[in-house]
There are 2 protein chains.
Amino acid sequence: MDEKKLKSSRKSYERLEKVIGCKWSVSVLEAVRLGIKRPGILERSIEGISTKVLSERLRRLTDYGLLEKHIFAEVPPRTEYTLTEAGESLVLIISQIQELDEKIANSK
Amino acid sequence: MDEKKLKSSRKSYERLEKVIGCKWSVSVLEAVRLGIKRPGILERSIEGISTKVLSERLRRLTDYGLLEKHIFAEVPPRTEYTLTEAGESLVLIISQIQELDEKIANSK
DNA sequence: CAGAATCCTGCCGGATACTG
DNA sequence: CAGTATCCGGCAGGATTCTG
C-alpha cells in the first residue's frame with residue numbers, strides 16, 4: 001500500500017536527484033540553454049565553478065541524457081554541448097520551481 | 001547580459017536546492033501527502049531514514065513554508081504535519097520530474 | 001512520542017597540476 | 001582547449017542517547 005508507493009516514487013526520484021540535486025548542475029543546464037556551449041566559456045560564465053566540477057557535471061548530465069556532446073576533430077580541439085529534448089523539458093520544470101520559490105519568498 | 005541571467009536564476013534556485021536537493025526531503029513530502037502526518041509513523045514508513053534526519057527535514061520544510069506543523073497539547077504529545085499550498089504545488093512539480101525520469105529511463 | 005544533542009565517518013566539492 | 005588525476009577540508013547524514 002502506502003509504503004510501496006513511497007518506495008517506487010523514491011526510486012524514480014533518486015536517479016534524477018543524483019543529477020539535479022547536486023551543486024552547479026542547474027547552473028550548467030541553464031548556461032547551456034542560454035547558448036553557452038563550450039566548456040571553456042562555461043567555466044568563465046558560471047562564477048565560482050571549478051574545472052573538475054564542471055567536467056563532472058557535463059559528463060553526468062550527458063550520461064543521463066540531458067545534454068548532448070558534439071566533438072569536432074580540430075586543432076585546437078573543440079567540443080560543444082547542447083540540450084536534448086529531455087534537457088529542455090527539465091529546464092522548463094526547473095523554471096516552475098523558481099517561480100514557486102519566488103512566490104513563497106514574496107509571501108513572507 | 002547572460003551572466004546576470006545566470007546569477008539571478010541560480011540564486012532563486014539555491015534556496016529550494018537547500019530544501020529539495022538534499023536526501024530524503026522528497027520522500028518526506030510525499031509521505032505527508034499520502035496522509036502520513038506524525039513523526040513516529042513517518043519514521044517507520046520511510047525506510048532507512050533516521051530520527052535526526054527526519055526532524056531536520058521536517059523543520060526545514062516547515063521553515064521554508066512547504067509543511068505546516070500542528071501541535072496538540074495532549075499526553076502523550078502529538079504533532080501533525082500537513083502540506084501547505086506551496087507544498088502541494090511542489091509535489092506536483094516533482095511528479096513531473098518523475099515522469100520525465102521514467103521517460104528517459106525507458107528510452108534506453 | 002516529539003525532537004534536541006553528540007559523536008563519527010564518507011563523500012562531495014574546491015584547488016591545483018598534468019596530459020592529449 | 002578539453003579533460004583527467006590527486007590531494008585535502010568541510011559538511012551532510014547515519015547511529016545513538018537523552019529529555020520534556
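Residue numbers begin at 1 in each chain, while the letters A, B, ... track the order of the sequences. Computed from a predicted model, the values in this text were never measured in an experiment.
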Completion exercise
What one should report as the nearest heavy-atom pair of Ser50(A) and Glu43(A) is C-OE2, 4.3 Å
Handout entry: Counterpart residues, side-chain hydrogen bond (donor to acceptor under 3.5 Å, both in side chains), relative to Thr82(B) (two or more places apart)
Key = His70(B)
Problem - Side chain Thr84(A), main chain Glu68(A), donor-acceptor under 3.5 Å - result: no
Sequence neighbours excluded and cut-off under 3.5 Å, please list the side-chain donor-acceptor pairs for residues 52-59 of chain A, or say none.
from: Ser55(A); atom 1: OG; to: Thr51(A); atom 2: O; distance (Å): 2.9
from: Arg57(A); atom 1: NE; to: Lys23(A); atom 2: O; distance (Å): 2.9
from: Arg57(A); atom 1: NH2; to: Lys23(A); atom 2: O; distance (Å): 3.4

Completion exercise
Hits for side-chain hydrogen bond (donor to acceptor under 3.5 Å, both in side chains) against Glu85(B), two or more places apart or cross-chain, chain-then-number order -> none
Problem - Per-nucleotide protein contact string for nucleotides 6-20 of chain C (B base, S sugar-phosphate only, - none; heavy atom under 4.0 Å) - result: B------BBB----B
Fill in the blank from the handout: Outermost contacting nts on DNA chain D, any atom under 4.0 Å from chain B heavy atoms, listed 5' then 3', are dG13(D) to dG20(D)
Practice task
Could you state the atom-to-atom distance from CZ of Arg38(B) to P of dG3(C) in whole Å?
Solution key: 11 Å
Practice task
Measure from the side-chain N and O atoms of Ser25(B) to the backbone N and O of Val19(B), and report whether any donor-acceptor pair falls under 3.5 Å.
Solution key: yes
Problem - Arg59(B) CZ to dA4(C) C1', straight-line distance once rounded to whole Å - result: 9 Å
Exercise for the section: Pick base, sugar-phosphate or nothing for Thr79(A), based on heavy-atom distances below 4.0 Å to the nucleic acid. Expected result: sugar-phosphate
Practice task
May I ask you to say what Tyr81(A) touches in the nucleic acid, namely base, sugar-phosphate or nothing, with a heavy-atom cut-off under 4.0 Å?
Solution key: sugar-phosphate
Fill in the blank from the handout: Separation of dC1(C) atom C1' from Lys69(B) atom NZ, nearest Å, is 13 Å
Handout entry: Results of side-chain hydrogen bond (donor to acceptor under 3.5 Å, both in side chains) for Glu99(B) - residues two or more places apart only
Key = none
Exercise for the section: Using a strict 4.0 Å threshold on nitrogen-to-oxygen distance, state whether Glu80(A) and Arg78(A) make a salt bridge. Expected result: yes
